[in-house]
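Just below is one structure, and these are the notes that go with it.
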Amino acid sequence: QVQLVESGGGLAKAGGSLRLSCKASRIIFSKMGWYRQAPGKQRELVADITREGSATYADSVKGRFTIFRDNAEKTVTLQMNNLKPEDSATYYCHGYEYWGQGTQVTVSS
């Protein structure tokens, strides 16, 4: 199986930035993405990116978040700018059948 290891979560103030990184133990050729889930809510797609680098974003994060991947390094990164309290959630890296363990993002008012 493929393991996805995340890093970069933590605490930020509203308007601040965080960068989440996900490292895959093996290359994933399909889409990779970031999802998030807040307590009591459904898990939702934040952003995903194809092997070729074509990205899509949830409307709620457009213009604030950027996803990119480095296939040679087997990483996918989510740069989160202009954070809002409603961005607080557990963020999960995803690729093919695989999920990361989740990393907590907390944005204070």
Closest non-hydrogen atom pair between Leu18 and Leu83, with its separation: N-CD1, 3.8 Å
Same apolar cluster (I L V M F W Y, side chains within < 4.5 Å links), Tyr92/Ile49: no
Any donor-acceptor N/O pair, Gln104 side chain to Gly10 backbone, under 3.5 Å: no
Interatomic spacing from OG1 in Thr106 to CG in Leu11 - rounded to 0.5 Å: 6.0 Å
Lys23 atom NZ, neighbour heavy-atom count above 12 within 6.0 Å: yes
Value rounded to 0.5 Å, distance of CG in Leu4 from OG in Ser21: 12.5 Å
Non-neighbouring partners of Arg64 that pass side-chain hydrogen bond (donor to acceptor under 3.5 Å, both in side chains), sequence neighbours left out: Asp87
Contact list for residues 24-66, test ring pair (Phe, Tyr, Trp, His ring centres under 6.0 Å), sequence neighbours left out: Tyr35-His94, Tyr35-Trp99
Partners meeting side-chain hydrogen bond (donor to acceptor under 3.5 Å, both in side chains) with Ser108 (sequence neighbours left out): none
Taking every non-hydrogen atom, the tightest pair across Ala55 and Ile67: CB-CG2, 3.6 Å
Pairs under 3.5 angstrom only: tabulate donor-acceptor contacts from the side chains of residues 72-82 to other protein residues two or more places apart or in another chain.
from	atom 1	to	atom 2	distance (Å)
Gln79	OE1	Arg19	NE	2.5
Gln79	OE1	Arg19	NH2	3.0
Gln79	NE2	Asn81	OD1	3.0
Asn81	OD1	Ser17	OG	2.8

Closest non-hydrogen atom pair between Met32 and Gly95, with its separation: CG-CA, 4.2 Å
Heavy atoms from other residues, nucleotides or ligands near CZ of Phe68 exceed 12 (cutoff 6.0 Å): yes
Glu86, CD: over 12 other non-hydrogen atoms inside 6.0 angstrom: yes
ILVMFWY network linking Val105 to Val5, side-chain heavy atoms under 4.5 angstrom: no
Any Tyr91 side-chain heavy atom under 4.5 Å of Glu6 side chain: no
Residue pairs fulfilling disulfide bond (SG atoms under 2.5 Å apart) with at least one residue in residues 16-109, sequence neighbours excluded: Cys22-Cys93
Where Ala14 and Pro85 come nearest, the two heavy atoms and their spacing: CB-CD, 4.1 Å
Contacts of type side-chain hydrogen bond (donor to acceptor under 3.5 Å, both in side chains), residue Asn71, not counting sequence neighbours: Arg69
Closest non-hydrogen atom pair, Val2 against Ala24: CG1-CB, 4.1 Å
